[in-house]
Colleague: 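This structure is in structure tokens; I'll ask about it shortly.
Just so it is clear, the model here is predicted, and its values are computed rather than measured.
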Amino acid sequence: MYRVLAERYPYAHCELDFSTPLELLVATILSAQSTDVRVNQVTPALFSRYRTAAEYAGADRSEVEELIRSTGFFRAKTDSLLKLGQALVERFDGEVPGRLDDLVTLPGVGRKTAHVVLGNAFGVPGITVDTHFGRLVRRFGWTEETDPVKVEHAVGALIPRRDWTMLSHVVIFHGRRTCHARKPACGACPIARWCPAYGTGETDPERARKLLTYELAPKADG
DNA sequence: ATCCCGAGGG
DNA sequence: CCCTCTGGAT
């Protein structure tokens with residue numbers, strides 16, 4: 001299934017705009033519960049205004065809030081960015097660390113964000129379990145876990161390590177383009193023949209509800 | 001488990 | 001109106 005998806009989305013990549021590890025880290029923090037398109041609308045002005053960890057550490061709170069407001073959660077994200085700048089200056093000499101254990105100690109940085117930075121700025125293979133990835137691999141029947149760390153380990157055991165970053169990209173692309181949360185376009189899906197969730201009623205409201213709330217059994221019937 | 005929070009689709 | 005969008009901290 002992975003190979004078919006990889007052939008379907010050979011151009012899959014991180015769609016956040018960035019030119020440095022710090023920019024990617026900031027963009028990824030802003031992407032929480034927001035679309036990459038919206039994040040890319042605010043980051044040019046943000047990156048132009050703040051170029052170093054020290055500049056985030058000393059930034060004016062209300063100014064940052066206005067710059068990132070449209071991405072949602074703007075007070076919490078502003079708080080994260082200022083504290084992130086402080087933490088980078090105080091503990092990492094102003095540089096973005098390239099190790100998972102270090103990244104997850106930073107304010108506003110969880111495992112998902114850390115893997116995005118590692119995979120796309122440092123070339124370290126990692127599985128990014130976001131809302132799309134979790135939903136799709138459960139539909140695929142690759143795992144029934146809902147805890148992101150358990151999903152990461154279960155899927156990691158199925159796919160070679162060198163493919164982990166691209167796997168994350170193609171699964172997320174598939175989630176955005178075809179295997180939507182609410183109304184998956186199974187008719188356009190290249191792996192429908194292997195998918196336990198295929199044909200379980202994208203037109204049936206109750207089935208669709210179960211599909212999106214992850215209550216769907218791996219295989220309905222025979 | 002709950003909060004943070006805005007914008008767009010259906 | 002309700003749901004979703006590349007989550008994280010309490």
Colleague: Can you list everything that forms a side chain to side chain donor-acceptor pair (under 3.5 Å) with Arg161(A)? Sequence neighbours excluded, please.
Modeller: none

Colleague: Rounded to whole Å, please give me the gap between CG in Leu136(A) and P in dT4(C).
Modeller: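 Atom-to-atom, Leu136(A) to dT4(C), this comes out as 14 Å.
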
Colleague: Would you please confirm or rule out a distance under 4.0 Å between OP1 or OP2 of dC5(C) and any side-chain N or O of His132(A)?
Modeller: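 The answer is yes; a side-chain N or O of His132(A) sits under 4.0 Å from OP1 or OP2.
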
Colleague: Using atom CD of Glu15(A) as one end and atom P of dT6(C) as the other, report the distance to the nearest whole Å.
Modeller: 9 Å

Colleague: Once ring-ring contact (aromatic ring centres under 6.0 Å, His included) is applied, what residue pairs with a partner in residues 144-170 of chain A remain, sequence neighbours excluded?
Modeller: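 Checked against ring-ring contact (aromatic ring centres under 6.0 Å, His included) - neighbours excluded - no pair reaches residues 144-170 of chain A.
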
Colleague: May I ask you to verify if any side-chain N or O of Arg135(A) is less than 4.0 angstrom from the OP1 or OP2 atom of dT6(C)?
Modeller: no

Colleague: Counting only non-hydrogen atoms, which of residues 34-45 of chain A are less than 4.0 Å from DNA chain C?
Modeller: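 Heavy-atom cutoff 4.0 Å gives Ser34(A), Thr35(A), Asp36(A).
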
Colleague: Could Arg111(A) and Glu152(A) be called an ion pair, given the rule that one side-chain N must be under 4.0 Å from one carboxylate O?
Modeller: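 Looking at Arg111(A) and Glu152(A), the cut-off is met.
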
Colleague: Mind checking side chain to side chain donor-acceptor pair (under 3.5 Å) for Glu55(A) and listing every partner two or more places apart, or none if nothing turns up?
Modeller: none

Colleague: Suppose we screen for ring-ring contact (aromatic ring centres under 6.0 Å, His included). Which residues come up paired with Tyr50(A), at least two apart in sequence or across chains?
Modeller: Tyr56(A)

Colleague: Just to be sure I understand the geometry, which residues of residues 69-84 of chain A put a non-hydrogen atom under 4.0 Å away from DNA chain B?
Modeller: Arg69(A), Ser70(A), Gly72(A), Phe73(A), Phe74(A), Arg75(A), Ala76(A)

Colleague: Would you kindly give the CZ-to-C1' distance between Phe133(A) and dG7(C), to the nearest whole Å?
Modeller: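 My rounded result for the distance is 16 Å.
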
Colleague: Under a 3.5 Å cutoff, is there a donor and acceptor pairing between the side chains of Arg138(A) and Thr146(A)?
Modeller: no

Colleague: Quick one: side chain to side chain donor-acceptor pair (under 3.5 Å) partners of Arg99(A), sequence neighbours excluded?
Modeller: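 By the side chain to side chain donor-acceptor pair (under 3.5 Å) rule, Arg99(A) matches Asp102(A).
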
Colleague: Restricting to pairs with a member in residues 67-99 of chain A, which pass ring-ring contact (aromatic ring centres under 6.0 Å, His included), not counting sequence neighbours?
Modeller: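 Of all non-adjacent pairs touching residues 67-99 of chain A, none passes ring-ring contact (aromatic ring centres under 6.0 Å, His included).
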
Colleague: Roughly, in whole Å, what's the span from CZ in Phe18(A) to C1' in dT6(C)?
Modeller: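 Phe18(A) atom CZ is separated from dT6(C) atom C1' by 14 Å.
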
Colleague: Can you name the side chain to side chain donor-acceptor pair (under 3.5 Å) partners of Thr178(A), sequence neighbours left out?
Modeller: Tyr9(A)

Colleague: Using atom CZ of Arg182(A) as one end and atom P of dC2(C) as the other, report the distance to the nearest whole Å.
Modeller: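 One finds 12 Å between P of dC2(C) and CZ of Arg182(A), rounded.
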
Colleague: Supply the atom-to-atom distance Leu67(A) CG to Asp60(A) CG, rounded to the nearest 0.5 angstrom.
Modeller: 10.0 Å

Colleague: In whole angstrom, give me the gap between the C1' atoms of dC3(C) and dC5(B).
Modeller: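 Straight-line distance between the two C1' atoms is 15 Å.
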
Colleague: Taking only residues two or more places apart in sequence or in another chain, which ones pass ring-ring contact (aromatic ring centres under 6.0 Å, His included) with His115(A)?
Modeller: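 Not a single residue meets the ring-ring contact (aromatic ring centres under 6.0 Å, His included) criterion with His115(A).
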
Colleague: Which ones in residues 90-127 of chain A lie close to DNA chain B, meaning a heavy atom under 4.0 Å from one of its atoms?
Modeller: none

Colleague: Determine, for Glu15(A) against Arg177(A), whether the closest basic-nitrogen to carboxylate-oxygen distance falls under 4.0 angstrom.
Modeller: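 Salt bridge present between Glu15(A) and Arg177(A).
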
Colleague: Give me the distance, rounded to whole Å, that separates dG10(B) from dT6(C) when you measure between the P atoms they each carry.
Modeller: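 My reading of the P atoms in dG10(B) and dT6(C) gives 14 Å.
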
Colleague: First contact, last contact: which nucleotides of DNA chain B are these for chain A, 5' to 3', heavy-atom distance under 4.0 Å?
Modeller: dC4(B) to dG9(B)

Colleague: Answer yes or no: does atom CD of Glu63(A) have more than 12 heavy-atom neighbours from other residues, nucleotides or ligands under 6.0 Å?
Modeller: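 Enclosed.
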
Colleague: Look up atom OG in Ser31(A) and atom NZ in Lys77(A), then write down how far apart they are to the nearest 0.5 Å.
Modeller: 7.0 Å

